[in-house]
Amino acid sequence: MTVLVTGGAGYIGSHTTLLLLENGYDVVVYDNLSNASRESIRQVEKLAKRPVAFVKGDIRDKATLAATFEKYSIEAVIHFAGLKAVGESVESPLSYYENNVCGTVALCETMASYGCKSMVFSSSATVYGDPQELPITEKAPLQATNPYGRTKLMIEEILRDVWYSDKEWKVMLLRYFNPVGAHESGDIGEDPDGIPNNLMPYIAQTAIGKRAFLSIFGNDYDTRDGTGVRDYIHVMDLAHGHLKALEKLSEIEEVTAVNLGTGKGYSVLEVVAAFEKASGRRIPYKFAPRRQGDIAACYADVSFAKRFLEWEAERDIDAMCTDMWRWQSKHPDGYQHKEET
Ligand code: NAD
Ligand code: UFG
């Protein structure tokens, strides 16, 4: 089976591509390299010991999409491509709607015209906004608090409408909690541009000495130790969830949303302690004011994923930190060759 992986050169896409290749799928990676390096795919090929078809293309570019569907017999799409920085989306909302929403519309139109109607979509726990109840089930009310989150909500709605108009579509919405870590080889991982927005890459860069200290955003939340609590999930467990989703796709009868998390919440201070243990390095930190838009706590109810996908995250916080540290220490500057071709 040939799977088109949009955004396949990015963080989660590259790990999922590797697992797909290892499980016998043929993969076409489609990425405009706006937030990725071609090098990630080279590393994936090395690890999988198989070549990967790569198209440098934008999901808004219907001509390149069509040429890709002409060339390959694509049966399903895993759709990772998108912009994902919350702060940037507040400053530049139109580019987020253009890229994420218009891009998805162009992708769906092309898929439909080639009779490919199976999609696994990268949604996010951000669609739950500030949750009223924890753990969060898939039935919790949906709400977005920033343009990035709204693109995810809009795309979920668009995909529901597409299915409603043509029941041949099979669409799964995977709502990721907080993906972290790296492949156990330490040769693929998250390679943020500039100063990381997210906790785990910031901690890793502090451990290696690229950042002087970690600012912990808020220590007065109503949580165990006052710092924010999140459901961190190892990126390889997440990748495995996509394989399960692909396997189940043909069985679903409506657009189906599934939480991908571990079901456990860790505070910022607990993550710092776990990373110190994994790396043997001290992580200097200072408490800073709360970050605007942050919520106190967020973790998943994973019972539906267990029951329906027959999938469950296997790696704990120690494995997440150990693998993240291996990637960071083997590749302190991320992917070295950031050329655009
Ligand atoms: P990433 O930035 O590493 O990967 C996204 C990839 O999409 C990049 O390689 C980028 O070059 C590509 N891309 C962006 N716009 C494109 C376009 N118009 N055409 C073609 N390619 C394009 O991000 P990631 O962390 O791997 O996230 C993958 C998906 O998962 C995204 O949709 C993101 O919103 C979603 N998600 C991520 C997280 C997270 O914390 N990492 C959490 C929830 C959901
Ligand atoms: N944090 C710090 N210092 C930092 C970075 C983060 O204290 O330098 C704290 C945050 O305040 C929060 C926790 O660490 O309590 C996790 O923050 P992240 O930025 O790593 O993750 P978020 O939960 O804020 O956001 C992530 C993605 C979003 C996505 C959301 C839900 O970045 O895109 O998960 O899936 F919407």
Side-chain angles (χ1 to χ4, degrees), residues 5-16 29-38 40-41 55-61 64-65 78-87 89 95-96 98-100 102-104 106-107 121-129 136 144-146 148-149 151-152 155 174-180 189-193 195-203 205-206 211 213-219 221 223 227-233 235 238-239 259-261 265-269 271-272 285-298 300:
V5 181
T6 72
Y11 172 43
I12 307 170
S14 56
H15 290 78
T16 305
V29 168
Y30 189 96
D31 199 302
N32 66 0
L33 300 180
S34 59
N35 193 38
S37 157
R38 183 81 175 78
S40 68
I41 294 304
V55 178
K56 186 179 173 196
D58 195 295
I59 51 168
R60 293 164 292 180
D61 174 1
T64 307
L65 275 176
I78 306 185
H79 178 29
F80 293 104
L83 301 175
K84 61 163 185 177
V86 173
S89 80
S95 63
Y96 272 67
E98 231 271 306
N99 194 81
N100 296 3
C102 300
T104 302
L107 175 64
F121 172 62
S122 295
S123 189
S124 164
T126 194
V127 299
Y128 298 118
I136 306 171
T145 53
N146 55 68
Y148 164 70
T151 68
K152 292 294 177 193
I155 295 169
L174 299 183
R175 295 179 179 153
Y176 315 152
F177 280 66
N178 288 56
V180 296
E190 189 172 9
D191 185 15
D193 230 6
I195 302 171
N197 294 311
N198 297 116
L199 179 66
M200 192 68 102
Y202 203 102
I203 290 180
Q205 292 196 4
T206 308
R211 312 273 158 216
F213 62 89
L214 167 74
S215 294
I216 297 184
F217 301 139
N219 62 349
Y221 284 110
T223 58
T227 65
V229 166
R230 297 290 185 275
D231 183 340
Y232 297 94
I233 173 168
V235 67
L238 194 64
N259 286 342
L260 295 186
Y266 286 93
S267 73
V268 176
L269 286 172
V271 176
V272 169
Y285 65 81
K286 292 183 186 170
F287 290 116
R290 291 181 179 191
R291 184 170 63 179
Q292 207 197 345
D294 269 2
I295 54 175
C298 170

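Computed over heavy atoms, backbone and side chain alike; hydrogens, waters and symmetry mates excluded. All ligand and atom numbering here is 1-based and tracks the order in the structure.
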Which protein non-hydrogen atom lies closest to [atom], naming both residue and atom, and how far is it?
atom                    : answer
atom 23 (O) of ligand 2 : R230 NE, 2.6 Å
atom 7 (O) of ligand 2  : F217 N, 2.9 Å
atom 11 (O) of ligand 2 : D294 OD2, 2.6 Å
atom 24 (O) of ligand 2 : R291 NH2, 2.9 Å

Taking the side chain as everything from C-beta on, heavy atoms only, tell me whether [X] gets closer than 4.5 Å to [Y].
X    : Y    : value
V235 : E190 : no
S122 : K84  : no
Y30  : T64  : yes
L199 : R230 : no
I136 : F177 : yes

Give a yes or no on whether the backbone of [Y] and the side-chain of [X] come within a donor-acceptor separation of less than 3.5 Å.
X    : Y    : answer
S40  : A9   : yes
D231 : A300 : yes
S124 : R175 : no
Y202 : I195 : no
N198 : M200 : no
T126 : G149 : no

*ligand 2 contact by Y232, heavy-atom criterion under 4.0 angstrom*: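 Distance cut 4.0 Å: Y232 passes for ligand 2.
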*Y148: heavy atom below 4.0 Å from ligand 2, yes or no?*
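Distance cut 4.0 Å: Y148 passes for ligand 2.
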[X] heavy atoms, cut-off 4.0 Å: which ligand 2 atoms fall inside?
X    : result
Y176 : 35 (O)
F177 : 35 (O)
T126 : 31 (C), 35 (O), 36 (F)
S124 : 29 (C), 31 (C), 35 (O), 36 (F)
V268 : 9 (C), 14 (O), 15 (O)

Do any nitrogen or oxygen atoms of [X] lie less than 3.5 angstrom from nitrogen or oxygen atoms of ligand 2?
X    : answer
Y202 : no
L199 : yes
L214 : no

If you take the nearest heavy atom of each of [options], which one is closest to [atom]?
atom                    : options                : answer
atom 32 (O) of ligand 2 : I233, N198, N219, I295 : N198
atom 21 (O) of ligand 2 : N178, L260, N146       : N178
atom 5 (C) of ligand 2  : N197, V86, V127        : N197

*Applying side-chain contact (heavy atoms from CB on, under 4.5 Å), name anything that partners V86, two or more places apart in sequence or on another chain.*
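side-chain contact (heavy atoms from CB on, under 4.5 Å) list for V86, sorted by chain: N146, Y148.
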*ligand 2-proximal atoms of S215, by part, heavy-atom distance under 4.0 Å*: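 The answer is the backbone.
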*Provide the closest heavy-atom pair for I12 versus P179 in the form atom of the first, atom of the second, distance.*
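So the minimum-distance heavy-atom pair works out to CD1-CG, 3.8 Å.
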*Which protein residues have a heavy atom closer than 4.0 Å to any atom of ligand 1, listed by chain and number?*
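Shell around ligand 1 (4.0 Å, heavy atoms): G7, A9, G10, Y11, I12, D31, N32, L33, S34, N35, A36, G57, D58, I59, R60, F80, A81, G82, K84, N99, S122, S123, S124, Y148, K152, Y176, F177, P179.
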_If the condition is side-chain hydrogen bond (donor to acceptor under 3.5 Å, both in side chains), which residues does T151 pass it with, not counting sequence neighbours?_
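Checked T151 against side-chain hydrogen bond (donor to acceptor under 3.5 Å, both in side chains); matches are N100.
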*With sequence neighbours excluded, what pairs up with R211 under the salt bridge (Lys or Arg N to Asp or Glu O under 4.0 Å) test?*
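Checked R211 against salt bridge (Lys or Arg N to Asp or Glu O under 4.0 Å); zero matches.
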